[in-house]
Amino acid sequence: MSERNFAAAYTENRRIREIEAFRPLESHIKIAKREKILMLTLVTKQDLWWQSREQVKEHYQNGEYSQFINNILLKKGSDSFQHEYLYETKELHDANAFISLLKDCTKEKIRITKEIRNSHYQLYTILLTGLFTAILSYNFYRSSLSRPIQLTSAHLLFSVALVILLFSFPLLYLPTKPKSFLAVSNHFRKRLVIFCWSVFGMCFLSFLTILGSSMYASMLILITFILTFVFIRRLQNMYSEMKVIDYNLAKVIRSTSQFREHIASVFVTKIKLEVTLTTAEDALENPRLYF
Amino acid sequence: MFIEKVIWNIETIVTAYELSRRAVPGFQRIVKRFQNGKLKIAIFGAGGTGKTTLGNMLAGKAGASSILNPYQESISVDRIKLADIPGSVIIVPGQEPRQNKWDEVFSEIIDGQINLIINVVSYGYHSFEGISYQQHLLYQA
């Protein structure tokens with residue numbers, strides 16, 4: 001059973017239980033001796049059913065539940081039995097705005113986390129490429145001092161670089177759906193592509209170095225340093241952006257819980273005042289019940 | 001904007017309450033009657049709908065933040081005195097095996113001792129204690 005199916009089956013089962021729990025209460029209210037009974041049906045957990053609020057109202061006000069209320073009304077009469085449904089809709093509608101803000105902040109956090117992870121990969125790629133290429137270039141430079149440049153090695157490296165490059169492009173389009181034959185996870189695919197491009201970078205730059213001189217090695221090291229610096233700066237910016245998002249997220253979470261407390265206190269005040277005023281009216285109408 | 005509106009509404013209700021308290025001569029006596037524990041609120045409903053939370057909040061025993069607390073099953077009928085409104089709140093245990101404990105509250109309803117009955121429902125979104133949904137009997141069925 002999937003989570004969604006379980007949620008549907010569970011809530012359906014519990015709605016039946018709500019009716020079952022109300023059945024004995026109904027029969028006892030019908031035979032109550034009190035001349036005036038006040039009853040409230042309070043529908044809680046609005047944050048969970050807010051999306052289907054019309055269905056919820058329909059379920060309680062026109063479904064099997066309302067038949068029980070009508071039965072009591074028929075038996076006791078509207079003078080002796082007063083019933084009211086209580087939904088806190090407006091407040092929760094505003095609370096939903098907080099929740100969507102919270103979701104937006106969370107999405108933003110996920111986005112920046114992914115970007116930071118990708119930037120880390122890019123930085124590692126640059127550092128690896130630069131490091132290995134510099135070592136290779138230095139070795140080739142040293143060997144070229146003692147003997148003529150081996151062009152066959154250069155050709156071989158160039159061919160490998162091209163093959164790796166050609167191999168890396170289809171990787172970008174590998175399917176990620178679980179049922180596909182060549183399915184791989186996005187994470188694995190990214191790592192594979194980064195690996196391929198690193199190897200390509202190393203081979204191609206080494207090829208250039210073999211053909212050239214020590215100047216290429218120096219240039220490569222310089223480019224690696226510049227790129228590393230640029231990427232580190234980019235990462236720093238991302239981390240500071242992450243801090244701002246974290247701060248906003250904490251602020252939204254704090255205001256959401258404060259807002260929930262506020263709703264609850266408003267709701268409790270409302271019930272208390274309703275109960276007090278209604279009972280007071282009841283007492284004034286039927287003083288003999290109280291004095 | 002919304003909070004201002006809510007506060008305005010509360011202020012209006014409180015003002016109406018104060019005015020009625022001053023205008024109606026018998027009201028003071030009624031309040032005194034309430035103070036002697038005349039008002040009784042019975043809270044019914046299936047297990048995990050939030051009866052105890054509501055009862056505690058009505059009685060002023062728990063802050064509004066208690067709605068964020070995890071679910072704890074009630075095992076007997078709880079009677080809590082109201083803090084600022086005179087009277088008490090009676091909360092019945094909602095789980096099916098404990099429904100036989102409702103009889104004592106039913107007898108109070110029949111005798112006419114209960115002023116207000118609150119039936120708490122939550123469109124089937126009932127909390128369950130301690131276990132994961134995968135351990136639930138309905139999931140394993």
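Atoms considered below: every heavy atom in the structure, side chains included; atoms not considered: hydrogens, waters and symmetry mates. Below, chains carry the letters A, B, ... as their sequence lines are ordered, and counting in each starts from 1.
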Participant: Heavy-atom cut-off 4.5 Å, strictly under: side chain, backbone, both or neither for Phe44(B) against chain A?
Facilitator: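 Answer is side chain: those atoms of Phe44(B) sit under 4.5 Å from chain A.
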Participant: In terms of heavy-atom proximity below 4.5 Å to chain B, should Ile16(A) be classed as side chain, backbone, both, or neither?
Facilitator: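 Nothing of Ile16(A), per the 4.5 Å heavy-atom cut-off to chain B.
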Participant: Tell me, please, which residues at least two apart from Glu58(A) pass salt bridge (charged side-chain N to carboxylate O under 4.0 Å, His left out).
Facilitator: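 Salt bridge (charged side-chain N to carboxylate O under 4.0 Å, His left out) check on Glu58(A) returns nothing, list empty.
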Participant: Could you please spell out the steps behind the side chain to side chain contact (heavy atoms under 4.5 Å, CB included) verdict for Tyr123(B) and Glu18(A)?
Facilitator: CA-CA 8 Å; Tyr123(B) 196 57; Glu18(A) 282 177 359; 5.6 Å; no
Participant: Heavy atoms only, distances under 4.5 angstrom: which of Thr41(A), Leu25(A), Asn13(A) has the most pairs with chain B? Name it, please.
Facilitator: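 Highest number of heavy-atom pairs under 4.5 Å: Leu25(A).
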Participant: As an exercise: rank Ile114(B), Ile117(B), Val92(B), Val120(B) by heavy-atom pairs under 4.5 Å with chain A and give me the winner.
Facilitator: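 Option with the greatest count: Ile117(B).
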Participant: Is it the side chain or the backbone of Ile43(B) that comes within 4.5 Å of chain A heavy atoms, both, or neither?
Facilitator: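 Neither; nothing under 4.5 Å.
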Participant: Only heavy atoms, only distances under 4.5 angstrom. Which residues in residues 100-110 of chain B are near chain A?
Facilitator: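 Residues of residues 100-110 of chain B touching chain A at under 4.5 Å: Trp102(B), Phe106(B), Ile109(B), Ile110(B).
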Participant: As an exercise: rank Ser122(B), Gly45(B), Gly50(B) by heavy-atom pairs under 4.5 Å with chain A and give me the winner.
Facilitator: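 Option with the greatest count: Ser122(B).
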Participant: Sort by residue number and list every residue of residues 63-73 of chain A having at least one heavy atom under 4.5 Å from chain B.
Facilitator: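 Against chain B, the residues of residues 63-73 of chain A that fall inside the cut-off (heavy atoms, under 4.5 Å) are Tyr65(A).
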Participant: Output the distance between atom OG1 (Thr44(A)) and atom NZ (Lys51(B)), rounded to the nearest 0.5 Å.
Facilitator: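 If we round to the nearest 0.5 Å, Thr44(A):OG1 and Lys51(B):NZ are 9.5 Å apart.
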Participant: Can you sort out the partners of Lys30(A) under salt bridge (charged side-chain N to carboxylate O under 4.0 Å, His left out), two or more places apart, ordered by chain and number?
Facilitator: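 Glu26(A).
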Participant: May I ask you to test the Arg14(A)-Tyr125(B) pair for a side-chain heavy-atom distance under 4.5 Å?
Facilitator: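 Arg14(A) vs Tyr125(B): side chains apart.
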Participant: Looking only at heavy atoms and a cut-off of under 4.5 Å, which of Arg17(A), Lys33(A), His83(A) has the most pairs with chain B?
Facilitator: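 Between Arg17(A), Lys33(A), His83(A), the count favours Arg17(A).
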